[in-house]
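Structure first, then comments.
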Amino acid sequence: MPSSALPRTSLHLQKLTISSKQPIHHIPQPSSVPVPDTVACYHKHDISPSQCSSVLTQIISAPVSTVWSILRLFETPQAYKQFVKTCKTVHGHGNVGSLREVHLVSGLPAATSTERLEILDDERHLLSFSIIGGDHRLANYRSVTTLHASSNGTGTIVVESYVVDVPVGNTKEETCVFVDTIVRCNLQSLAKVSQQLTTQRK
Ligand code: A8S
């Protein structure tokens, strides 16, 4: 069989697939989450033609202060990110410019990721990090996460956006499906952990 006839797409797609060993629970999201107009400006990314970008939202039944207390700790992403096994700070102490080396659980198409804290804004409840290394296929990944009080004042709306290069051999759609799945899982565990903390504190 000539190499051009090889099923390249499925091969490359497989490289971007999360193992079925990781349970992925999709909680239905409301089609439009009410967030203030000012939110959009935090989530504007410069995107080149070879990149893809997406925005995800998550409603959490916990105060902004509780969700922020978990999210802002750059040195311990394993507190809520289920794909993270261990994390070592290799530069800084969780302040802007800190570098963390994340080691992932087995069954994923990657084992490590080196990440840099770009923005930590305690007033705006905004955190941004970029991925600068690792054995994975997500080059030039950058995300922004912001927290907003829900209209009744007791809950939190999380908005997370990202931009990343589309890996050679994959489409924008495949890349977004892959990254959206990871981000969605992270947001759902952030909701779970924040809600548990809120119940404990009552
Ligand atoms: C985050 C977001 C992402 C993390 C991805 C997208 C990653 O940690 C995983 C699998 C990969 O193939 C890429 O907020 C990488 O953590 C779970 C190792 C970077």
Side-chain angles (χ1 to χ4, degrees), residues 11-26 42-43 45 47 50-58 60 67-68 70-90 94 96 98-121 125-147 156 158-194:
L11 186 76
H12 285 262
L13 225 178
Q14 216 182 357
K15 286 187 191 161
L16 274 177
T17 303
I18 293 174
S19 157
S20 56
K21 273 190 246 161
Q22 296 300 321
I24 293 163
H25 306 288
H26 287 281
Y42 303 133
H43 296 276
H45 298 272
I47 310 163
S50 57
Q51 291 186 309
C52 68
S53 177
S54 171
V55 186
L56 291 95
T57 56
Q58 174 78 44
I60 302 184
V67 183
W68 183 242
I70 301 162
L71 183 72
R72 75 180 301 285
L73 301 179
F74 186 69
E75 295 179 280
T76 51
Q78 68 274 32
Y80 74 97
K81 290 186 182 183
Q82 287 185 320
F83 298 125
V84 178
K85 190 165 67 182
T86 57
C87 176
K88 196 172 104 189
T89 302
V90 288
V96 168
S98 293
L99 297 181
R100 68 183 177 196
E101 203 177 82
V102 170
H103 293 261
L104 301 173
V105 296
S106 60
L108 291 170
T112 63
S113 173
T114 308
E115 305 174 354
R116 182 181 192 274
L117 183 60
E118 302 290 347
I119 306 170
L120 183 68
D121 188 329
H125 302 116
L126 186 156
L127 179 142
S128 173
F129 78 91
S130 62
I131 300 184
I132 59 163
D135 65 351
H136 52 80
R137 303 183 69 225
L138 298 185
N140 295 315
Y141 182 89
R142 181 162 174 156
S143 78
V144 174
T145 308
T146 55
L147 305 184
T156 301
V158 188
V159 181
E160 180 158 354
S161 60
Y162 67 83
V163 57
V164 67
D165 288 3
V166 174
V168 173
N170 286 105
T171 63
K172 282 191 186 195
E173 207 211 336
E174 287 163 354
T175 309
C176 269
V177 166
F178 176 73
V179 179
D180 280 7
T181 304
I182 296 169
V183 174
R184 169 72 45 228
C185 283
N186 287 343
L187 291 176
Q188 286 173 2
S189 350
L190 180 63
K192 209 171 134 193
V193 173
S194 306

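Small disclaimer: the values here were computed from a predicted structure and weren't measured. First listed ligand is number 1; within each ligand, the first listed atom is number 1.
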>> For a quick test of reading the model, state the closest non-hydrogen atom pair linking Val164 to Ala139 and the distance between them.
In response: CG2-O, 3.4 Å
> Does Phe178 have a non-hydrogen atom less than 4.0 Å from ligand 1?
Replying inline: yes
> Can you find an N/O atom of Glu115 closer than 3.5 Å to an N/O atom of ligand 1?
Replying inline: no
>> List ligand 1 atoms under 4.0 Å from Asn186, heavy atoms only on the residue side.
In response: 1 (C), 14 (O), 16 (O)
>> Quick check: closest heavy atoms across Thr57 and Arg184, and the distance to 0.1 Å?
In response: O-NH1, 3.2 Å
> What do we get for Arg137 next to ligand 1 when only non-hydrogen atoms under 4.0 Å count, side chain, backbone, both or neither?
Replying inline: neither
> Does a side-chain heavy-atom distance below 4.5 Å link Thr76 with Leu73?
Replying inline: yes
> When you measure from atom 13 (C) of ligand 1 to each heavy atom in His136, Gln82, His103, which option holds the nearest one?
Replying inline: His136
>> Can you confirm whether Ile119 sits close enough to Leu127 that some side-chain heavy atom of one is under 4.5 Å from a side-chain heavy atom of the other?
In response: no
> Any idea which atoms of ligand 1 are less than 4.0 Å away from a heavy-atom of Leu104?
Replying inline: 8 (O), 9 (C), 18 (C)
>> Heavy-atom distances under 4.0 Å decide this one: backbone, side chain, both or neither, for Val84 against ligand 1?
In response: neither
>> How close do His136 and Thr112 get, counting heavy atoms only, and between which atoms?
In response: CD2-O, 3.3 Å
> What atoms in ligand 1 come closer than 4.0 Å to a heavy atom of Leu138?
Replying inline: 6 (C), 13 (C)
> Numbering the atoms of ligand 1 from 1, which are under 4.0 Å from a heavy atom of Lys81?
Replying inline: 1 (C), 14 (O), 16 (O)
> With backbone taken as N, CA, C and O and side chain as the heavy atoms from C-beta onward, which portion of Phe129 lies under 4.0 Å from ligand 1: side chain, backbone, both, or neither?
Replying inline: side chain
> Is Ser98 close to Glu75 at the side-chain level, that is, under 4.5 Å between some pair of heavy atoms?
Replying inline: no
>> Does any part of the side chain of Val177, heavy atoms only, come nearer than 4.5 Å to the side chain of Thr175, both counted from C-beta?
In response: no
>> Could you check whether any side-chain heavy atom of Val166 comes within less than 4.5 Å of a side-chain heavy atom of Ser50, counting everything from C-beta outward?
In response: no
> Quick one: does ligand 1 sit under 4.0 Å from the side chain of Ile131, the backbone, both or neither, non-hydrogen atoms only?
Replying inline: side chain
